[in-house]
Amino acid sequence: MDGTPNYCFASDNTSGMCPEVMQAFVEVNRGRVPSYGDDVCTAEATNAFRALFETACDVYFVFTGTAANSLSLASLCQSYHSVIVHEYAHVETDECGAPEFFSNGTKLLLASGANGKMDPHVLEQIVLKRRDIHFPKPRVVSLSCPTELGTVYTPTEVSALGEVAKRHGLRVHMDGARFANAVASLGVSPAELTWKAGVDVLAFGGTKLGSPVGEAVVFFDPALGEEFAYRCKQAGQLASKMRFLAAPWKTLLGQNLWLEIAARANGFARLLRLGMEQFPELRLLHPTEANAVFVEMPEHVHQHLNARGWRYYSFIGGGSRFMCSWSTTNEDVEALLSDIRVALS
Ligand SMILES: *Cc1c(COP(=O)(O)O)cnc(C)c1O
């Protein structure tokens with residue numbers, strides 16, 4: 001590398017769309033079809049979600065993860081409600097107050113917990129802390145899976161949180177911006193990690209997986225999503241050429257591509273971590289359970305990597321984050337490790 005900026009590990013959204021999705025656009029581009037989701041491709045993509053989740057879920061396609069999270073949370077809450085989230089949750093740290101805005105004031109209550117995960121006891125403490133009319137009433141628990149620190153909740157862990165939620169009349173929302181990576185990591189069925197574990201609504205990420213744009217909001221209890229289409233339209237999230245938001249999903253879910261891509265990205269993250277663990281000067285943070293590696297490096301290593309062009313974030317949960325995606329290669333991993341080796345020698 002010659003010092004030109006390299007965004008390979010900066011995020012999984014620095015990659016373009018994967019070739020299969022690109023091809024899907026060429027195909028879905030043909031002809032004139034009904035707009036606003038009344039087309040065959042949107043129906044097929046929706047059915048693909050129902051087959052994948054083994055249930056008659058309702059599915060809505062929106063443009064961004066922020067829209068998927070904040071609109072689905074708003075649909076579960078009144079303005080006087082609260083949503084319990086981990087302090088590192090994207091809805092708290094990276095959505096510019098969109099959940100509060102779209103719900104007209106619903107408050108986020110922050111829970112702490114190791115490795116980006118919420119503990120059922122902490123959840124229950126927060127639910128029970130205030131029960132009076134002067135405090136916003138807890139209504140939803142929102143879990144990120146994978147978490148913002150690259151760890152995953154197992155179905156058993158989701159169930160334990162879901163059980164506390166149900167006991168106190170809370171709904172369960174899952175921010176699955178990298179849901180595919182969690183499923184690939186755990187080797188469980190999408191149903192086991194969601195509705196079978198008590199999840200009511202899932203924001204399933206397509207962008208970081210391999211789409212150019214677009215996330216799916218999946219309601220496992222169709223009653224909860226009854227008027228969601230109005231909410232999407234009002235928020236400017238109802239695509240008139242809906243087929244272009246649906247087509248990537250039809251392709252990704254069609255032949256298990258979603259799982260293969262996610263497993264490959266996870267594999268490169270494991271490879272990168274193993275490589276980094278060879279250097280005693282580096283301190284790996286958090287288990288690598290999805291497609292992210294978090295590491296603390298000496299300042300001179302940062303300086304060398306930056307001079308060589310490597311770009312990555314160092315503001316999430318301590319340490320520096322290296323993300324892998326569908327486009328990561330062995331050569332990328334080797335090049336990064338080689339530059340770290342030089343910096344340390
Ligand atoms: C990327 C991401 C989102 C969605 O972000 P947008 O930029 O709004 O698409 C949501 N949650 C998590 C955990 C993310 O990493």
Side-chain angles (χ1 to χ4, degrees), residues 7 9-17 21 60-74 83-102 108 110-111 113 115-118 140-153 158 172-185 193-194 199 201-218 232 235-237 239 245 248-249 252 261-262 265-266 269 286 288-294 312-317 319-326:
Y7 295 92
F9 294 104
S11 181
D12 33 9
N13 59 17
T14 60
S15 297
M17 63 180 112
V21 167
Y60 299 85
F61 302 103
V62 298
F63 289 91
T64 67
T66 298
N69 282 334
S70 56
L71 295 176
S72 57
L73 287 172
V83 177
I84 300 170
V85 304
H86 192 275
E87 60 185 323
Y88 291 145
H90 195 274
V91 291
E92 158 69 10
T93 62
D94 286 287
E95 299 192 355
C96 197
E100 294 92 328
F101 175 74
F102 283 112
L108 302 186
L110 305 186
N115 294 325
K117 294 207 250 181
M118 204 187 296
V140 176
V141 55
S142 172
L143 310 171
S144 302
C145 191
T147 68
E148 289 71 11
L149 300 186
T151 55
V152 300
Y153 289 97
V158 177
V172 181
H173 166 269
M174 184 174 276
D175 175 351
R178 302 185 176 95
F179 182 72
N181 300 92
V183 174
S185 166
L193 191 55
T194 56
V199 174
V201 54
L202 167 72
F204 191 152
T207 309
K208 287 166 182 159
L209 184 58
S211 295
V213 63
E215 320 276 293
V217 178
V218 183
C232 289
Q237 290 289 325
L245 287 193
W249 288 111
L252 287 165
I261 288 178
N266 291 355
H286 323 301
T288 297
E289 295 173 345
N291 57 331
V293 181
F294 286 81
Y312 47 86
Y313 292 112
S314 299
F315 66 84
I316 307 155
S320 299
R321 188 193 72 171
F322 293 84
M323 297 292 318
C324 298
S325 76
W326 68 266

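Order of listing sets the numbers, starting from 1, for every ligand and every atom in it.
- Here the side chain of Glu92 pairs no donor or acceptor atom with the backbone of Glu87 at under 3.5 angstrom.
- For the side chain to side chain contact (heavy atoms under 4.5 Å, CB included) criterion with Phe179, the lone passing option out of Val152, Val218, Leu193, Leu209 is Leu193.
- Across Thr64 and Glu215, no two heavy atoms sit closer than the pair C-CG, 3.4 Å.
- Using a 4.0 Å heavy-atom criterion, the residues that approach ligand 1 are Thr64, Gly65, Thr66, Asn69, His90, Glu95, Glu148, Asp175, Ala177, Arg178, Lys208.
- In terms of heavy-atom proximity, Ala180 sits nearest to Phe204 at N-CE2, 4.3 Å.
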Side chain to side chain contact (heavy atoms under 4.5 Å, CB included) assessment of Val217 paired with Val201
CA-CA 7 Å; Val217 178; Val201 54; 3.8 Å; yes

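- Atom OH of Tyr88 and atom CD of Glu148 lie 10.5 Å apart (nearest 0.5 Å).
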